[in-house]
Student: 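One structure, as structure tokens, below. Some questions next.
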Amino acid sequence: MIDNTYKWYPIYTRSRAEKKTQLELNKKQITSYLPLKKTVKQWSDRKKIVEEPLLKSYLFIYISAKEYTEVLTTPGISRFIYFSGKIAAIPDKQLEDLRLLLANATDLEVIDHEVSLGEKVLIKAGPFKGIVAELVSLKNKKGIILRLQNLGYSITINTSLAFIEPIR
């Protein structure tokens, strides 16, 4: 029996094809989310603020099992991301948290390797209120880590330690 429930799935795109792939998915009326961050690019004669993907070659799609084939035939799509032999699904809450981070964070750093386990905390105040994260020490600074399940990515944000409380 085919599972007709809609879930968020990460997909891997060809290198530097995230935006074009999202446009192709939109043409097929497939809901997608491409997290973008603003960065300053320096050319020899000017600086320019550009939006580039937060997670290189990753795009999130909201589909049911009946749309897998339609997604794979989209130009720019390389493959689905698998975890333990199954197509990885991302919880809705994690995508909401990611959107909240991107809407409020100016100092955002992506770490593309696993971060050693730390203490889980709840952010209780500020723009990131309600996010459950892990606390780690990075280069003599304290940062909050939001781990994205099944992707191997972590996102570091800087916030006051007064805004967090340990989860026991």
Student: Would you say the side-chain atoms of Q94 pair up with the backbone N or O of P91, donor to acceptor, closer than 3.5 Å?
Tutor: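 Looks like no, no N/O pair under 3.5 Å.
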
Student: Of all heavy-atom pairs between I90 and P10, which one has the smallest distance, and what is that distance?
Tutor: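 Scanning both residues completely, I find the closest heavy atoms to be CG1-CD, 3.7 Å.
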
Student: Walk me through whether L102 and L36 qualify under side-chain contact (heavy atoms from CB on, under 4.5 Å).
Tutor: CA-CA 8 Å; L102 288 171; L36 298 170; over 6 Å; no

Student: Would you mind reporting whether L34 and K19 have side-chain heavy atoms less than 4.5 Å apart?
Tutor: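 Counting from C-beta outward, K19 and L34 do come under 4.5 Å.
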
Student: For R99, I'd like to know if atom CZ has over 12 heavy atoms of other residues, nucleotides or ligands within 6.0 Å.
Tutor: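 Count over threshold, so yes.
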
Student: Under a 4.0 Å threshold between the charged nitrogen and the carboxylate oxygen, would E52 count as salt-bridged to K41?
Tutor: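 Counted as a salt bridge, because a side-chain N and a carboxylate O are separated by less than 4.0 Å.
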
Student: Can you tell me if NZ on K56 sees more than 12 non-hydrogen neighbours from other groups inside 6.0 Å?
Tutor: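 Buried by this count: over 12 neighbours within 6.0 Å.
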
Student: Are I11 and Y68 joined in one hydrophobic group, where the rule is that I, L, V, M, F, W and Y side chains link up if heavy atoms are under 4.5 Å apart?
Tutor: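 Yes, because I11 and Y68 connect within a single hydrophobic cluster, where side-chain heavy atoms sit under 4.5 Å apart.
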
Student: How about W8 and Y62: are their ring centroids closer than 6.0 Å?
Tutor: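 When the ring centroids of W8 and Y62 are compared, they turn out to be within the sub-6.0 Å range.
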
Student: Would you please name every residue forming a side chain to side chain donor-acceptor pair (under 3.5 Å) with T5, sequence neighbours left out?
Tutor: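 So T5 forms a side chain to side chain donor-acceptor pair (under 3.5 Å) with D3.
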
Student: With a 4.5 Å limit on heavy-atom distance, are the side chains of F60 and T31 in contact?
Tutor: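 Not touching, per the 4.5 Å side-chain cut-off.
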
Student: Contact between L54 and I155 at the side-chain level, heavy atoms closer than 4.5 Å - yes or no?
Tutor: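 Yes, their side chains come closer than 4.5 Å.
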
Student: Given K66 and N4, is the side-chain contact (heavy atoms from CB on, under 4.5 Å) satisfied, shown in steps?
Tutor: CA-CA 7 Å; K66 64 184 178 187; N4 287 325; 3.9 Å; yes

Student: Go through I63 and K7 one step at a time and tell me if the side-chain contact (heavy atoms from CB on, under 4.5 Å) criterion holds.
Tutor: CA-CA 6 Å; I63 61 167; K7 296 178 185 173; over 6 Å; no

Student: In terms of heavy-atom contacts, does NZ of K129 have more than 12 from other residues, nucleotides or ligands at under 6.0 Å?
Tutor: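 No.
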
Student: So do the side chains of V50 and T39 get within less than 4.5 Å of each other, counting heavy atoms only?
Tutor: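 Result yes, sub-4.5 Å side-chain heavy-atom pair found.
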
Student: So, are E51 and K37 salt-bridged, with charged N and O less than 4.0 Å apart?
Tutor: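 No, this pair does not count.
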
Student: State the NZ-CD1 distance between K93 and I131, to the nearest 0.5 angstrom.
Tutor: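 That separation rounds to 6.0 Å.
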
Student: Quick one: do F83 and F80 end up in the same hydrophobic cluster if we chain Ile, Leu, Val, Met, Phe, Trp and Tyr together by side-chain heavy atoms under 4.5 Å apart?
Tutor: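 F83 and F80: separate clusters.
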
Student: Would you please test E24 and K27 for salt bridge (charged side-chain N to carboxylate O under 4.0 Å, His left out) and show each step?
Tutor: CA-CA 5 Å; E24 292 295 326; K27 287 179 188 175; 3.4 Å; yes

Student: Taking atom CD1 of I167 as the centre, does the number of heavy atoms from other residues, nucleotides or ligands within less than 6.0 Å exceed 12?
Tutor: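 Buried by this count: over 12 neighbours within 6.0 Å.
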
Student: Hey, mind stepping through K28 and E70 against side-chain contact (heavy atoms from CB on, under 4.5 Å) and telling me if it holds?
Tutor: CA-CA 8 Å; K28 293 183 176 186; E70 187 69 22; 3.2 Å; yes

Student: Is there a path of hydrophobic side-chain contacts, each under 4.5 Å between heavy atoms, that joins I30 and Y6?
Tutor: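 Not linked; separate clusters.
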
Student: Looking at Q29, I want to see if its CD is surrounded by more than 12 non-hydrogen atoms of other residues, nucleotides or ligands under 6.0 Å.
Tutor: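 Open: at most 12 neighbouring heavy atoms sit under 6.0 Å from CD of Q29.
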
Student: Could you grab the distance from atom CZ of R14 to atom OG of S78, nearest 0.5 Å is fine?
Tutor: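 The CZ atom of R14 sits 7.0 Å away from the OG atom of S78.
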
Student: Centre-to-centre under 6.0 Å for Y58 and Y12, is that the case here?
Tutor: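 Yes.
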
Student: Do the side chains of Y9 and V71 get nearer than 4.5 Å, heavy atoms only?
Tutor: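 In short, these two side chains do not touch, never coming nearer than 4.5 Å.
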
Student: Using side-chain heavy atoms (C-beta onward) and a distance below 4.5 Å, is L95 in contact with D92?
Tutor: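 In short, these two side chains do not touch, never coming nearer than 4.5 Å.
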
Student: How far does CD1 of I87 sit from CD1 of I81, to the nearest 0.5 angstrom?
Tutor: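 I87 CD1 to I81 CD1: 10.0 Å, rounded to 0.5 Å.
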
Student: Return yes if some donor-acceptor pair links the side-chain N/O of E18 with the main-chain N/O of S57 below 3.5 Å, else return no.
Tutor: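 Checked: pair present.
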
Student: I need the single residue from L98, L59, I61 that forms a side-chain contact (heavy atoms from CB on, under 4.5 Å) with Y33. Which is it?
Tutor: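 By the side-chain contact (heavy atoms from CB on, under 4.5 Å) criterion, Y33 pairs with just one of L98, L59, I61: L98.
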
